[in-house]
J.: 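My structure is below; once you've seen it, I'll send some questions.
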Amino acid sequence: MNDILLRAEELRYTYDGGDAPALDGLSLRIRRGSRVALMGANGSGKSTFLLCCTGVCRPQSGRLEFGGEEVSFRKKDLLRLRRRVGIVFQDPDNQLFSASVLQEIAFGPLNLGLSPEEARREAEIVMERLGITPFAHKPAHALSGGQKKLVSIADILVMRPELILFDEPAAALDPKHAAIVNRIIEGLTAQGMTVLLSTHDVDYAYGWADEVILFHEGRVLRQGPADEVLRDREALLAANLQLPAVPRFYDALCAAGVLDPSVPCPRTMEALETLISARRAEP
Amino acid sequence: MLSLDKLCYQSKLRSRSAAEKFAFAVLTLCVCVCCRRAAVSCAVLLAMGLMTVCRGGVPLRRYLRLLLLPLSFLLLSALAIAVQVQPAPLDLFAVPLGGWFLTGSSAALAYALTLSVTALAAVSCLYFLTLTTPVPELLDVLRWLRCPKLVTELMLLIYRFIFVLLETASAIGVSQRCRLGNRDGRTSLRSFGQLGAVLLVRSARRADALYASMEARCYDGELRVLPESRPPRARALLAVLAFNLALVLFTVWRGGMG
């Protein structure tokens with residue numbers, strides 16, 4: 001079985017009337033079942049790449065493969081691709097168009113050819129899972145930003161894709177809803193779903209991702225394990241990012257002699273706290 | 001717009017079948033307009049008021065305030081019908097204006113009043129529908145009535161985007177006011193123009209983004225919508241028919257259509 005789910009080779013894409021290419025020879029590989037964070041400055045090509053992955057933007061050159069097959073941009077093939085790749089957009093207001101939450105979530109299943117009864121059942125299962133059943137008959141404009149985000153995630157989950165793309169999922173959310181969204185993403189990856197997520201949150205990416213891909217001017221600046229890429233100060237600086245808090249504190253504590261540098265740097269703040277407590281408890 | 005939508009979602013009649021409410025409002029509106037009798041219109045006004053306020057739970061003051069909006073227009077129109085400038089005085093009143101008279105007849109006044117109350121009753125039918133039936137359910141009824149798909153799809157998108165644009169306009173308005181964009185009449189006018197221009201551009205962008213998001217969910221040119229409305233009950237439809245039949249019979253008994 002092919003371990004690579006998505007492969008991009010030398011993708012180039014320039015928006016109509018755009019001066020600079022949004023993707024300028026972008027090449028990368030995504031393994032099946034992995035958790036991948038796309039990071040980089042605004043305008044580095046993350047969102048454009050996600051749109052290419054669902055066939056909304058068609059690269060002017062290069063090769064994009066999904067599941068070992070080259071992505072074809074013929075209408076029939078695109079529909080097949082979109083059954084397998086779902087995208088949650090950054091701004092839910094650009095995604096939600098139906099007059100009620102139930103109709104919004106049932107839109108995808110109906111397009112997949114399910115009967116209204118089946119589409120309703122599928123929508124109800126996802127609403128229950130995300131805790132949005134009380135809003136089923138509410139219009140989108142009556143929801144808060146966080147609730148809209150949950151609906152926009154339900155929109156995609158209900159289609160049961162193999163690969164799910166999140167474009168800055170926690171942007172503009174309050175901490176409570178950001179935590180809910182992050183928990184949902186954790187749940188998806190725990191089920192073995194491949195998740196590709198674009199974010200500026202280095203701390204979240206450091207704790208969550210298996211792999212981090214740094215984008216810079218439409219190209220991949222660096223791709224690798226999160227604990228390697230997100231400790232590369234030079235690459236982070238080029239991508240307008242900062243070192244995550246955990247390795248920053250870890251380095252400082254090692255330098256101060258509080259921690260032993262031979263112990264690997266933990267991935268979360270909680271794990272770092274445990275490490276410090278264990279160290280202090282030592283005789 | 002926002003308050004009407006809110007009232008509709010809070011209505012106690014919201015859970016009733018949209019087809020029943022649609023039949024009641026539209027059939028009664030047609031009968032009211034065709035009969036054009038003051039007594040029939042008053043009965044319709046009362047029935048719709050009772051249904052909207054007592055059964056639907058819309059606060060009376062809100063409902064009366066809503067009715068005042070069309071009433072002010074209707075009274076002005078009625079005034080234009082009832083008051084005339086004529087060379088000879090009419091039977092009701094006459095104010096000499098040089099060689100002419102500002103005058104009115106009792107027949108014209110009766111006609112103006114009948115017309116006004118009929119129009120107000122027709123508006124009350126539409127208020128009943130608006131204040132008790134959410135748009136998604138109304139669209140279900142229109143689809144069931146074989147209304148062209150293009151119309152219902154446009155209505156759906158317009159309904160959604162009215163609120164998105166209102167939110168955007170409100171945010172831009174606040175931002176303009178925070179920077180003294182309403183300092184004087186001239187500045188306000190310029191700010192308003194800029195707001196319109198920005199809204200136009202943002203609408204176009206939103207339309208693009210929305211299309212992309214729909215495509216990403218396998219949209220193939222047909223907007224498939226899950227029906228949400230309950231089927232109508234025969235008893236309710238019979239009650240609607242009986243009410244309207246009574247109005248027609250009353251009109252016939254009183255000497256036919258006005």
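This structure is a prediction, so every number in the text was calculated from the model and none was measured. The figures that follow rest on heavy atoms only: side chains count, while hydrogens, waters and symmetry mates do not. We name chains A, B, ... by the order of the sequence lines, and we start the count at 1 in each one.
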J.: Using heavy-atom distances under 4.5 Å, tell me whether B/Arg14 contacts chain A through its side chain, its backbone, both, or neither.
T.: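 Only the side chain of B/Arg14 comes within 4.5 Å of chain A.
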J.: Taking side chain as everything from C-beta outward and backbone as N, CA, C, O, which of these in A/Phe89 sits under 4.5 Å from a heavy atom of chain B? Side chain, backbone, both or neither.
T.: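 Answer is side chain: those atoms of A/Phe89 sit under 4.5 Å from chain B.
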J.: Name the orientation class of the two ring planes belonging to A/His141 and B/Phe163 (parallel below 30°, tilted from 30 to 60°, perpendicular beyond 60°).
T.: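 Taking B/Phe163 first and then A/His141, their aromatic rings lie parallel (interplane angle under 30°).
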J.: In chain order, what residues pass the side-chain contact (heavy atoms from CB on, under 4.5 Å) check against A/Gln90, with sequence neighbours excluded?
T.: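 A/Gln90 satisfies side-chain contact (heavy atoms from CB on, under 4.5 Å) with A/Asp167, A/Glu168, A/Ala171 only.
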J.: Side chains of A/His137 and B/Glu137: does their closest heavy-atom pair fall under 4.5 Å?
T.: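 No, every pair of side-chain atoms sits at 4.5 Å or beyond.
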J.: Examine whether an atom of B/Phe161 lies under 4.5 Å from a heavy atom of chain A, and if so say whether it belongs to the side chain, the backbone or both; otherwise answer neither.
T.: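 Side chain only.
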J.: Are any non-hydrogen side-chain atoms of B/Leu223 and A/Phe107 less than 4.5 angstrom apart?
T.: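 Of all side-chain heavy-atom pairs linking A/Phe107 with B/Leu223, at least one is under 4.5 Å.
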J.: Minimum heavy-atom separation for B/Asp140 to A/Gln103, with atom names?
T.: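 What the structure gives for the nearest pair is OD1-NE2, 4.1 Å.
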J.: I'd like to verify something: which residue of A/Leu51, A/Leu102, A/Val85 has the highest number of heavy-atom pairs under 4.5 Å with chain B?
T.: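 Looking at each of A/Leu51, A/Leu102, A/Val85 in turn, A/Leu102 comes out on top.
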J.: Which one of A/Leu79, A/Thr54, A/Val88 has the most heavy-atom pairs closer than 4.5 Å to chain B?
T.: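 Maximum pair count with chain B is reached by A/Leu79.
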J.: What do the steps show when you test B/Met214 against A/Val56 for side chain to side chain contact (heavy atoms under 4.5 Å, CB included), and what is the final call?
T.: CA-CA 10 Å; B/Met214 285 164 73; A/Val56 173; over 6 Å; no
J.: So does A/Phe73 have more than 12 non-hydrogen atoms from other groups sitting under 6.0 Å from CZ?
T.: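 Result for CZ/A/Phe73: enclosed.
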J.: Compare all side-chain heavy atoms of A/Pro139 with those of B/Asp5 and state whether any distance is below 4.5 angstrom.
T.: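 Touching, per the 4.5 Å side-chain cut-off.
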J.: Does any heavy atom of chain A fall under 4.5 Å from the side chain of B/Pro227, the backbone, both, or neither of them?
T.: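 Both backbone and side chain of B/Pro227 come within 4.5 Å of chain A.
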J.: Can you tell which part of B/Val164 gets under 4.5 Å to a heavy atom of chain A, answering side chain, backbone, both or neither?
T.: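 When you check distances to chain A, only side chain atoms of B/Val164 fall under 4.5 Å.
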J.: Which region of B/Tyr219, side chain (C-beta onward) or backbone (N, CA, C, O), has a non-hydrogen atom less than 4.5 Å from a non-hydrogen atom of chain A, or is it both or neither?
T.: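 For B/Tyr219, the contact with chain A is made by backbone and side chain together.
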J.: Using modelled atom types only, decide if a donor and an acceptor are shared between the side chain of B/Arg217 and the backbone of A/Met159 within a distance under 3.5 Å.
T.: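 Flag not set: sc B/Arg217 to bb A/Met159 has no pair under 3.5 Å.
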J.: Among A/Asp91, A/Leu96, A/Leu78, which has the most heavy-atom pairs under 4.5 Å with chain B?
T.: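 Of the candidates given, the most pairs with chain B belong to A/Leu96.
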J.: State, to 0.1 Å, how close B/Ala216 and A/Arg82 come at their nearest heavy-atom pair, and which atoms those are.
T.: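 Smallest interatomic distance, heavy atoms only, reads O-CB, 3.8 Å.
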J.: Would you tabulate the side-chain donor-acceptor contacts of residues 59-69 of chain B under 3.5 Å, counting partners in other chains and residues two or more places apart, or write 'none'?
T.:
none

